[in-house]
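Written out below as structure tokens is the structure these notes cover.
Values below: every heavy atom of this structure, side chains too, minus hydrogens, waters and symmetry copies.
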Amino acid sequence: MSWGLLSLFIPTFFFVSITPGMCMTLALTLGMSIGVKRALWMMVGELAGVGLVATLSSAGVAALLLNYPSIFTVLKYIGGAYLFYVGVQMWLSRGKMALKPDGESQRASRLALMSQGFITAIANPKGWAFFVALLPPFINPEQPLMHQLASLIAIILVLEFSCLLIYASGGRTMRSLLMQSDNVQLMNRIAGTLMIGVGIWLALT
């Protein structure tokens, strides 16, 4: 890949990644409720989902899926309902992600966190459409396709991970500021409201 192409590709995808969306809001929420270190497991699932979406979009599978949106329906509603449920539990100061009065939270399983990130990434039709629209212009038909795709997807994942860390760190900072006033209930309600919003967003997108 030429440096000229990369100079356009990297800013384009960084801008798209850093723009607030479902995955970034989820990272902010988990950074606030369980901390950046635990939120890394959600990021693992989210990056796996983004990598899968980018790969299948490049292979043309996304065009088929977008013509049959009912394929997304089950995943969207299950994923949205689950995130909504977790958000309600957090809002009520219950569940494995809610903060307790001592400032600690129960330990949500790694699988649950990875599942949240993966489902959020793959169940959004806009994500598929985005890759279908933006990846092809950066592919040179005269060069080996697989090498280009591997390079582009690797760059996308690095950019996505960087943005997730930024949002999760922002959530961790908010948590520190709010915890100074010992207002655990307010903390849970802010995080729970954001999680509920992500669930509704996912289901209605």
Side-chain angles (χ1 to χ4, degrees), residues 13-14 16-57 61-62 65 71-91 95-99 105-131 153-175 188 190-205:
F13 276 81
F14 179 79
V16 172
S17 293
I18 201 68
T19 302
M22 285 184 291
C23 292
M24 296 303 147
T25 304
L26 184 59
L28 177 71
T29 304
L30 294 183
M32 186 185 305
S33 61
I34 62 175
V36 177
K37 185 176 180 179
R38 292 288 296 167
L40 288 173
W41 291 106
M42 181 281 293
M43 297 180 199
V44 170
E46 197 271 348
L47 292 175
V50 169
L52 179 62
V53 171
T55 302
L56 294 180
S57 297
V61 175
L65 296 178
I71 295 177
F72 290 102
T73 301
V74 174
L75 270 180
K76 283 174 55 179
Y77 287 126
I78 291 177
Y82 175 66
L83 294 178
F84 185 91
Y85 169 76
V86 172
V88 170
Q89 293 291 96
M90 293 169 70
W91 206 91
K96 293 184 178 181
M97 293 186 190
L99 288 170
S105 59
Q106 298 181 46
R107 296 181 67 83
S109 71
R110 295 174 179 179
L111 180 60
L113 293 172
M114 287 190 288
S115 298
Q116 285 183 13
F118 185 77
I119 292 174
T120 303
I122 68 169
N124 182 10
K126 289 183 179 179
W128 294 83
F130 163 74
F131 282 111
I153 292 173
I155 293 171
I156 290 171
L157 294 180
V158 170
L159 294 173
E160 184 78 2
F161 180 62
S162 300
C163 294
L164 288 169
L165 278 179
I166 290 172
Y167 273 83
S169 299
R172 183 67 180 87
T173 300
M174 291 176 61
R175 169 179 171 166
N188 282 326
I190 291 175
T193 299
L194 288 172
M195 186 71 80
I196 290 170
V198 173
I200 295 173
W201 193 354
L202 178 60
L204 298 182
T205 299

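Side-chain contact between Leu28 and Met174 is present, with heavy atoms from C-beta onward closer than 4.5 Å. Contact check for Leu26 versus Glu46: no side-chain heavy atoms found under the 4.5 Å cut-off. In this structure, the side chains of Met42 and Ile34 stay at 4.5 Å or more apart for every pair of heavy atoms. Residues Leu56 and Phe131 fail the side-chain proximity criterion, which asks for heavy atoms closer than 4.5 Å. With contacts defined as side-chain heavy-atom distances shorter than 4.5 Å, the pair Arg38/Arg110 qualifies.
Contacts of Ser162 classified as side-chain hydrogen bond (donor to acceptor under 3.5 Å, both in side chains), with partners at least two apart in sequence or in another chain: none. Here Trp91 pairs with Thr193 under the side-chain hydrogen bond (donor to acceptor under 3.5 Å, both in side chains) rule; sequence neighbours left out. Partners of Phe13 by ring pair (Phe, Tyr, Trp, His ring centres under 6.0 Å), not counting sequence neighbours, listed by chain and number: Phe9, Phe130. By the side-chain contact (heavy atoms from CB on, under 4.5 Å) test, Ile18 pairs with Phe14, Cys163, Ile166, Tyr167, sequence neighbours left out. In this view, Leu157 and Leu47, Val50, Ile153 satisfy the side-chain contact (heavy atoms from CB on, under 4.5 Å) rule, not counting sequence neighbours. When the side-chain hydrogen bond (donor to acceptor under 3.5 Å, both in side chains) test is applied to Thr25, no partner is found at least two apart in sequence or on another chain.
Nearest heavy-atom pair across Arg172 and Gly35 is CD-CA, 4.1 Å. Here the closest non-hydrogen pair linking Leu165 and Val36 is CD2-CG1, 4.1 Å.
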**OP:** Under the side chain to side chain contact (heavy atoms under 4.5 Å, CB included) rule, what do Met43 and Leu30 come out as? Steps first, then yes or no, please.
**Re:** CA-CA 10 Å; Met43 297 180 199; Leu30 294 183; over 6 Å; no
**OP:** Decide yes or no on side chain to side chain contact (heavy atoms under 4.5 Å, CB included) for Phe118 and Leu52, but give the supporting numbers first.
**Re:** CA-CA 10 Å; Phe118 185 77; Leu52 179 62; 3.9 Å; yes
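Annotation: the span from Leu164 atom CG to Ser17 atom OG amounts to 8.0 Å, rounded to 0.5 Å. Atom CE in Met22 sits 12.5 Å away from atom CD1 in Ile200 (nearest 0.5 Å).
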